[in-house]
Amino acid sequence: MDIGQSIVTWFESQGRDLPWRDTRDPYRIWIAEVILQQTRIAQGIKYFYRFVERFPDVQTLASAHQDEVLKYWEGLGYYSRARNLHAAAKQVVEKYEGKFPQHYTELQKLRGIGPYTARAIGSFAFGNQTGVIDGNVLRVMSRVLGDFSPVNQQSTRKKFQEIIDQWVKNVDSRNFNNGIMDIGSVVCTPTQPGCLICPLLDHCKGYKEGMVHLLPFKEKKTDRKIKHYHFYLISNTRGEVVIRQRPAKGLWGGLWEIPNQKVSKEEWEEKKSRLAGEFFHQMKHVFTHFDMMINVFLVSPQEYDLKPAEQFISKDKIHIFAFSKAVLKIFDKWQNTD
DNA sequence: AAGTCGGGGTA
DNA sequence: TACCCAGACTT
């Protein structure tokens, strides 16, 4: 049996049943694929249900306000996904009359849809005969091929894309793509892979050569940096707190926050507020590319002059706005110490 | 090609 | 800690 058929056969008996697999609606498949970018299924599944319930079709999403779209994304991370999702919905409504293009080369022109997502929608919604390559597939392929090319390099992606397009040629692409991703996440796991129950064992050069535990090979990434910040909880006796909206792009783009500023490591370690107030709390917020060290201060509103973009909002209304997890943690700590 | 962009689970 | 997760966009 060739490898494509092995994957499809395995999927038909062992594949997982997921809520976006019982439809060919490109809209729902699109939403699921974007939510799952760099996100585990266990984390994304609740967001998927809530999102498609509130925005059941592309017209509803296109006509929504971005603030509400971000609210439904709150806590999920990579917020440009939500902004691009919103922009792409408008593209589909305005330029494609509400109907998704049916080929991945066209789909990839939409905001937030790259090589993986375009092929995923193309395959799952429209049956395009092309293979998808995500983190799971990179791992499976590098092991099956026994290939030590760095998987985080463009040339390797291109080579793997050509190979997987051959693998999928004579089988159902939906079952093939779902199957190879399931094998990656359930059997061919990063540590302790289940080689002895793997349907690709007979095809696996990495296993034959005893190299599975060394694959996939990645080039070392640059070391993470540390940045220091002061955050300010500015609240009055009426239980109101100062918030403001972040710029549309960049880190936490479009989300709301409490006033804060970057400070030097030395100033951060002194735990001394630049505004009149007292030290409240210390925490670390971890990003992919840096650690954010945070001091939180309680600041009295009498000595604080409100800037134009800032506003006092009562505590029982902050749930209307979308905040980053860092600010939500600060609010939570604050609430539980009152 | 390298850097930016979240948050959570796991060893 | 460090790595990984149904990656894409910017520079």
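Just so we're clear, the structure is a prediction, and the values are computed from it rather than from any experiment. Lettering of chains follows the sequences in order, A, B, ..., and the numbering in each one begins at 1. Hydrogens, waters and symmetry mates play no part in the numbers below; they use all other heavy atoms, side chains included.
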Quick one: do A/Arg238 and A/Glu240 make a salt bridge, cutoff under 4.0 Å? yes

Is the NZ or CZ atom of A/Lys271 positioned over A/Phe279's six-membered ring, under 6.0 angstrom from the centre and within 45° of the axis? yes

Over 60° means perpendicular and under 30° means parallel, so classify the ring planes of A/Phe51 and A/Phe55, tilted if in between. tilted

Base, sugar-phosphate or nothing for A/Lys46? Non-hydrogen atoms, less than 4.0 Å. nothing

Is A/Ile29 touching bases, backbone alone, or none of the nucleic acid, heavy atoms closer than 4.0 Å? nothing

Looking at DNA chain B, which of residues 100-134 of chain A put a heavy atom within less than 4.0 Å of it? none

Can you tell whether the side chains of A/Asp147 and A/Lys159 come within less than 4.0 Å, N to carboxylate O? yes

Do A/Arg50's NZ or CZ and the ring of A/Tyr47 fall within the cation-pi criteria of under 6.0 Å and 45°? yes

Would you please classify the geometry between the A/Tyr232 ring and the A/His230 ring as parallel, tilted or perpendicular, with 30° and 60° separating the classes? perpendicular

For a quick test of your reading: what N or O donor-acceptor pairs under 3.5 Å do the side chains of residues 4-11 of chain A make, sequence neighbours left out?
residue	atom	partner	partner atom	Å
A/Gln5	OE1	A/Thr9	OG1	3.3
A/Ser6	OG	A/Asp2	O	3.0
A/Ser6	OG	A/His203	NE2	3.1
A/Thr9	OG1	A/Gln5	O	2.8

Less than 6.0 angstrom from the centroid, inside 45 degrees of the normal: does A/Lys315 satisfy that with respect to the ring of A/Trp334? yes

Residue pair A/Gln37 / A/Asp134, side-chain donor-acceptor N/O under 3.5 Å: no

Who passes side-chain hydrogen bond (donor to acceptor under 3.5 Å, both in side chains) against A/Tyr104, sequence neighbours left out? none

Begin with the C-alpha distance, continue with both residues' side-chain angles, and end with the deciding distance and a verdict on salt bridge (Lys or Arg N to Asp or Glu O under 4.0 Å) for A/Lys71 and A/Glu68. CA-CA 5 Å; A/Lys71 183 63 188 176; A/Glu68 190 182 6; over 6 Å; no

Measure across A/Arg28 and A/Phe48 and return the closest heavy-atom pair with its distance rounded to 0.1 Å. O-CE1, 3.5 Å

Using a 4.0 Å heavy-atom cut-off to protein, can you give one letter per nucleotide of nucleotides 4-11 of chain B, 5' to 3': B if the base is in contact, S if only the sugar-phosphate is, - if neither? SBBBBB-S

Check every strand shown and say whether A/Trp73 touches a base, only sugar-phosphate, or nothing at a heavy-atom separation below 4.0 Å. nothing

Got a sec? Which of residues 137-168 of chain A come in under 4.0 Å of DNA chain C, heavy atoms? A/Arg139

Give A/Lys225 one of three labels, base, sugar-phosphate or nothing, depending on what nucleic acid heavy atoms sit under 4.0 Å from its own. nothing

Footprint ends on DNA chain C, 5' to 3', for atoms under 4.0 angstrom from a heavy atom of chain A, come out as C/dT1 to C/dT10

Any chance you could measure A/Ser149, atom OG, to A/Lys158, atom NZ, to the nearest 0.5 Å? 14.0 Å

